[in-house]
Amino acid sequence: MMHQLYPQVWHDYRYELNKDMHIAAAHFIPHEAAGSCANVHGHTYIVNVTVAGDELDESGFLVNFQTLKQLVHRKLDHTLLNDHSDWFDGHDPNRFPTSEVVARTIYETIQRYLDTLPHKPKCLQVFVRETPTSYVVYRPKAGER
């Protein structure tokens, strides 16, 4: 059971939903500045997704927790992140699967889905903890929400 506090993002939406996930995955960063992270290694990532909105769907959900899990966990758990060229394009140095890029890509994936919903919830932040002492928070700029 996860009991963790996450950085909060200010908003004035009526509803805020948070979904936690554990993702066991490996990666490597094919860049000279990566040091030993250029070697394949694994993490048990802790991911938290924050979604907010003013309206619920016809079933009473802002977004179904299971849908968020399917979009992220089913795709990445027990994989080599570098193998997901549809998510992390190795030809673009900003798309190597660093924690920063993982967080941004999870945000982009979730927001693309949310944009299809008639009540238009918004993904406000994605938190990715790579190790017990290192984490990243991705938030879109205010004009991008």
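Only heavy atoms go into these numbers, but all of them, side chains included; no hydrogens, no water, no symmetry mates.
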Does this structure show an ion pair linking R104 with E100, if we count only N-O contacts that are shorter than 4.0 Å?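 No, no charged N to carboxylate O under 4.0 Å.
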
Side chain to side chain contact (heavy atoms under 4.5 Å, CB included), that's the test. Do M21 and V49 meet it? Break it down for me. CA-CA 9 Å; M21 295 173 246; V49 175; 3.9 Å; yes

Ignoring hydrogens, what is the shortest heavy-atom contact between [X] and [Y]? Give both atom names and the distance.
X: A52; Y: Y13; value: CB-CD1, 3.5 Å
X: L71; Y: T109; value: O-CG2, 4.2 Å
X: L62; Y: E55; value: CD1-O, 3.5 Å
X: D77; Y: A24; value: OD1-N, 2.8 Å
X: P7; Y: V137; value: CG-CG2, 3.7 Å
X: N82; Y: P30; value: ND2-CD, 4.2 Å

What residues form a ring-ring contact (aromatic ring centres under 6.0 Å, His included) with F28, not counting sequence neighbours?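 F28 satisfies ring-ring contact (aromatic ring centres under 6.0 Å, His included) with no other residue.
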
Is it possible for you to say whether L56 and L68 belong to one hydrophobic cluster, with membership spreading through side-chain heavy-atom contacts below 4.5 Å?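 L56 and L68: one cluster.
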
Is there a chain of hydrophobic side chains (I, L, V, M, F, W, Y, each step under 4.5 Å between heavy atoms) that links Y15 to I110?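 Yes, Y15 connects to I110 through the hydrophobic network.
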
Looking only at atom types and distance, does a side-chain atom of D54 sit under 3.5 Å from a main-chain N or O of R14, one as donor and one as acceptor?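 Side chain of D54 to backbone of R14: a pair is present.
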
Counting N and O atoms only, with roles assigned by atom type, does the side chain of R112 sit under 3.5 Å from a partner on the main chain of D115, one being a donor and the other an acceptor?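 Checked: no pair found.
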
Side chains of [X] and [Y]: does their closest heavy-atom pair fall under 4.5 Å?
X: L76; Y: W87; answer: yes
X: L114; Y: K120; answer: no
X: L117; Y: D57; answer: no
X: V63; Y: Y113; answer: yes

Any chance you could lay out the side chain to side chain contact (heavy atoms under 4.5 Å, CB included) test for V126 and N48, step after step, and finish with the verdict? CA-CA 6 Å; V126 175; N48 174 271; over 6 Å; no

Look at the rings of F127 and Y6 and say which category their plane angle falls in: under 30° parallel, 30 to 60° tilted, over 60° perpendicular.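 Answer is perpendicular, since the angle exceeds 60°.
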
Drop me the distance from [X]'s [atom1] to [Y]'s [atom2], to the nearest 0.5 angstrom.
X: K75; Y: L81; atom1: NZ; atom2: CG; result: 10.5 Å
X: D20; Y: F65; atom1: CG; atom2: CZ; result: 9.5 Å
X: Y135; Y: E130; atom1: OH; atom2: CD; result: 14.0 Å
X: L17; Y: C123; atom1: CG; atom2: SG; result: 10.0 Å
X: I46; Y: T44; atom1: CD1; atom2: OG1; result: 8.5 Å
X: H27; Y: D83; atom1: NE2; atom2: CG; result: 13.0 Å

So, applying side chain to side chain donor-acceptor pair (under 3.5 Å) with H11, which one of K122, Q125, E16 is it?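 Going through the options one by one, the only one that passes is E16.
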
Give a yes-or-no answer on whether the side chains of H43 and T131 include a donor-acceptor pair shorter than 3.5 Å.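 No pair is found: no donor N or O on one side chain lies under 3.5 Å from an acceptor on the other.
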
Under 3.5 Å, is there a donor-acceptor pair linking the side chains of H73 and H22?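 No - no donor-acceptor pair under 3.5 Å links their side chains.
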
Could you work out, with salt bridge (charged side-chain N to carboxylate O under 4.0 Å, His left out) as the rule, every residue matching K69, not counting sequence neighbours?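 For K69, no residue satisfies salt bridge (charged side-chain N to carboxylate O under 4.0 Å, His left out) once neighbours in sequence are set aside.
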
